[in-house]
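All chains are named by letter (A, B, ...) in the order of the sequence lines, taking the proteins before the strands, and each is independently numbered beginning at 1. Values below: every heavy atom of this structure, side chains too, minus hydrogens, waters and symmetry copies. Computed from a predicted model, the values in this text were never measured in an experiment.
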There are 2 protein chains.
Amino acid sequence: MPHAYEFPRAALTVDCVVFGFDGGELQVLLIRRGLAPFKDKWALPGGFVRVEETLDDAARRELEEETGLKTDFLEQLYTFGTVKRDPRERVVSVAYFALVKPAAVTAATDAAEAKWFPVSDLPSLAFDHADILTTALTRLRGKLTYQPIGFELLPPKFTLTQLQRLYEAVLGEPLDKRNFRKKALSYDLLIPLQEKHQEGPHRPAQLFRFDPVKYEKLKKKGFLFEI
Amino acid sequence: MPHAYEFPRAALTVDCVVFGFDGGELQVLLIRRGLAPFKDKWALPGGFVRVEETLDDAARRELEEETGLKTDFLEQLYTFGTVKRDPRERVVSVAYFALVKPAAVTAATDAAEAKWFPVSDLPSLAFDHADILTTALTRLRGKLTYQPIGFELLPPKFTLTQLQRLYEAVLGEPLDKRNFRKKALSYDLLIPLQEKHQEGPHRPAQLFRFDPVKYEKLKKKGFLFEI
DNA sequence: TATCAAAGTGTAAAAAACACACGAAGGCAA
DNA sequence: TTGCCTTCGTGTGTTTTTTACACTTTGATA
């Protein structure tokens with residue numbers, strides 16, 4: 001025990017709420033704990049912050065170590081610091097939330113002990129991770145209505161219907177097709193591609209990609225992507 | 001040094017950004033540091049989190065110890081965890097922001113080493129406290145436009161003009177009087193009192209208080225207090 | 001070539017946001 | 001007491017945004 005301090009110190013961890021979208025439902029990535037406490041229970045990926053790394057770095061590192069995922073979108077969520085949230089000792093956890101695209105979703109499914117769950121059908125979770133997840137969901141819903149972060153959850157090429165399905169899944173309510181499309185296009189953020197998306201015996205859909213330059217501009221001066 | 005751990009641990013602190021409003025400008029409460037590092041520099045009130053108290057409790061305790069203030073409105077802001085933010089060792093700080101009413105503003109002025117500064121004219125700050133303050137200001141501006149938190153900064157009885165001055169001070173832009181009043185009253189959150197506020201040789205202003213019951217209801221189901 | 005299923009499109013009505021100017025009330029001083 | 005000064009308090013017309021709503025188009029498949 002070479003590290004000694006005058007006063008007792010809390011341990012510091014990060015936990016990541018990773019959201020993905022499979023076209024139908026919003027999903028969350030969980031890992032099965034191999035060790036006590038809460039052995040064999042499902043939990044958010046996360047772990048201890050090293051003394052020489054930033055919180056953001058710790059979140060990215062733990063996410064990759066435990067699930068193999070990297071993500072473009074990782075944001076601090078909230079810090080959970082009630083005294084008994086870990087039965088062993090005082091542990092303060094800085095929670096993050098991440099959005100990943102479908103390719104990453106299927107990749108993570110390969111990780112032995114990581115699994116995607118639809119948010120509507122979650123197992124019981126270790127520690128206070130259910131609280132963290134609820135906080136993350138609330139935040140995601142809020143953000144979606146004033147920032148165009150939906151793109152982080154879609155493949156690079158997507159149709160307007162896919163975008164709408166995503167919004168409906170996150171917000172939990174159906175949206176009007178015409179109004180949605182009008183609004184989505186009004187931000188001048190979607191670039192139509194030459195390609196079409198053919199699926200099934202019906203009219204194929206126009207594919208779009210989103211314009212990262214305009215996206216960054218909007219990100220800087222604040223958005224207004226209400227739908 | 002009786003407290004030893006297998007791995008080195010970061011120290012954990014809380015820092016509070018306390019906003020007040022004096023009728024004219026938005027103010028922030030700072031304390032002068034008595035100890036190194038940054039001795040004699042201005043800093044946010046804050047200090048170490050004890051191992052047996054929650055983060056919220058620590059923020060309240062430090063705020064009261066250093067400034068004598070208690071507040072109804074204290075909210076976690078963001079956790080700052082870059083590696084070198086404290087020159088001595090790794091310190092992770094959970095920042096809070098607080099809103100206090102004018103009575104508390106004057107009380108805090110008595111605290112020997114605490115002083116209010118207008119946000120437009122701040123001294124240079126210790127550590128990364130300038131970053132924290134900027135983050136808090138951004139958050140306050142954002143919150144003010146979709147939550148009726150302005151009341152936390154006003155005395156129990158206030159006039160519509162005072163409320164408008166506050167919004168103008170925080171948002172940094174003038175607002176139309178008629179539209180402001182129409183909107184402010186439309187939420188059915190302001191209760192007119194019998195009293196009037198007389199000040200100077202002109203028509204006295206109607207005093208209002210706000211309805212805490214409706215406020216709590218709105219707080220729960222999310223607001224929409226855009227002005 | 002008929003059928004199927006989702007893609008794609010416009011307009012009118014309602015609601016919200018905005019711009020804007022003057023009479024009312026009370027203190028004060030002449 | 002009268003007039004002046006200063007802030008309080010109010011309403012309407014215009015523009016913009018939001019909402020509700022249904023039919024034609026397109027390509028694959030049988």
Of Arg178(A) and Gln198(A), the one whose nearest nucleotide on DNA chain D sits closer to the 5' end is Arg178(A)
Presence of donor-acceptor pair under 3.5 Å, side chain of Lys177(B) and base of dG9(D):
yes
Exercise for review: Return no unless some side-chain N or O of Arg181(A) is found under 4.0 Å from OP1 or OP2 of dG8(C).
Suggested key: yes
To the nearest angstrom, the NZ-P distance between Lys196(A) and dT25(D) comes to 15 Å
Problem - Centroid separation Phe158(B) to Phe151(B) less than 6.0 Å - result: yes
field: Proximity of Phe80(A) and Tyr78(A) rings by center, below 6.0 Å
entry: yes
Does dT18(D) have its OP1 or OP2 closer than 4.0 Å to a side-chain nitrogen or oxygen of Lys183(A)?
yes
Between the CZ atom in Phe19(A) and the CD atom in Gln27(A), the distance rounded to the nearest 0.5 Å is 11.0 Å
Under 4.0 angstrom, heavy atoms only, what part of the nucleic acid is Glu199(B) near: base, sugar-phosphate, or nothing? nothing
Rounded to whole Å, the NZ-P distance (Lys182(B) to dT12(D)) equals 11 Å
inquiry  = Once hydrogens and angles are ignored, does a donor-acceptor distance under 3.5 Å link the base of dA5(C) to the side chain of Arg203(A)?
reply    = no
Would you mind classifying the nucleic acid contact of Thr161(B) as base, sugar-phosphate or nothing, using non-hydrogen atoms under 4.0 angstrom?
-> sugar-phosphate
Winner on side-chain proximity to Pro201(A), out of dA28(D), dA24(C), dG10(C), is dA28(D)
Without hydrogens or angle criteria, can the side chains of Asp131(A) and Thr134(A) be said to hold a donor-acceptor pair below 3.5 Å?
no
Rounded to whole Å, the CZ-P distance (Phe180(A) to dT18(D)) equals 14 Å
From the candidates dC20(C), dG8(C), dA25(C), the one with an atom nearest any side-chain atom of Pro204(B) is dA25(C)
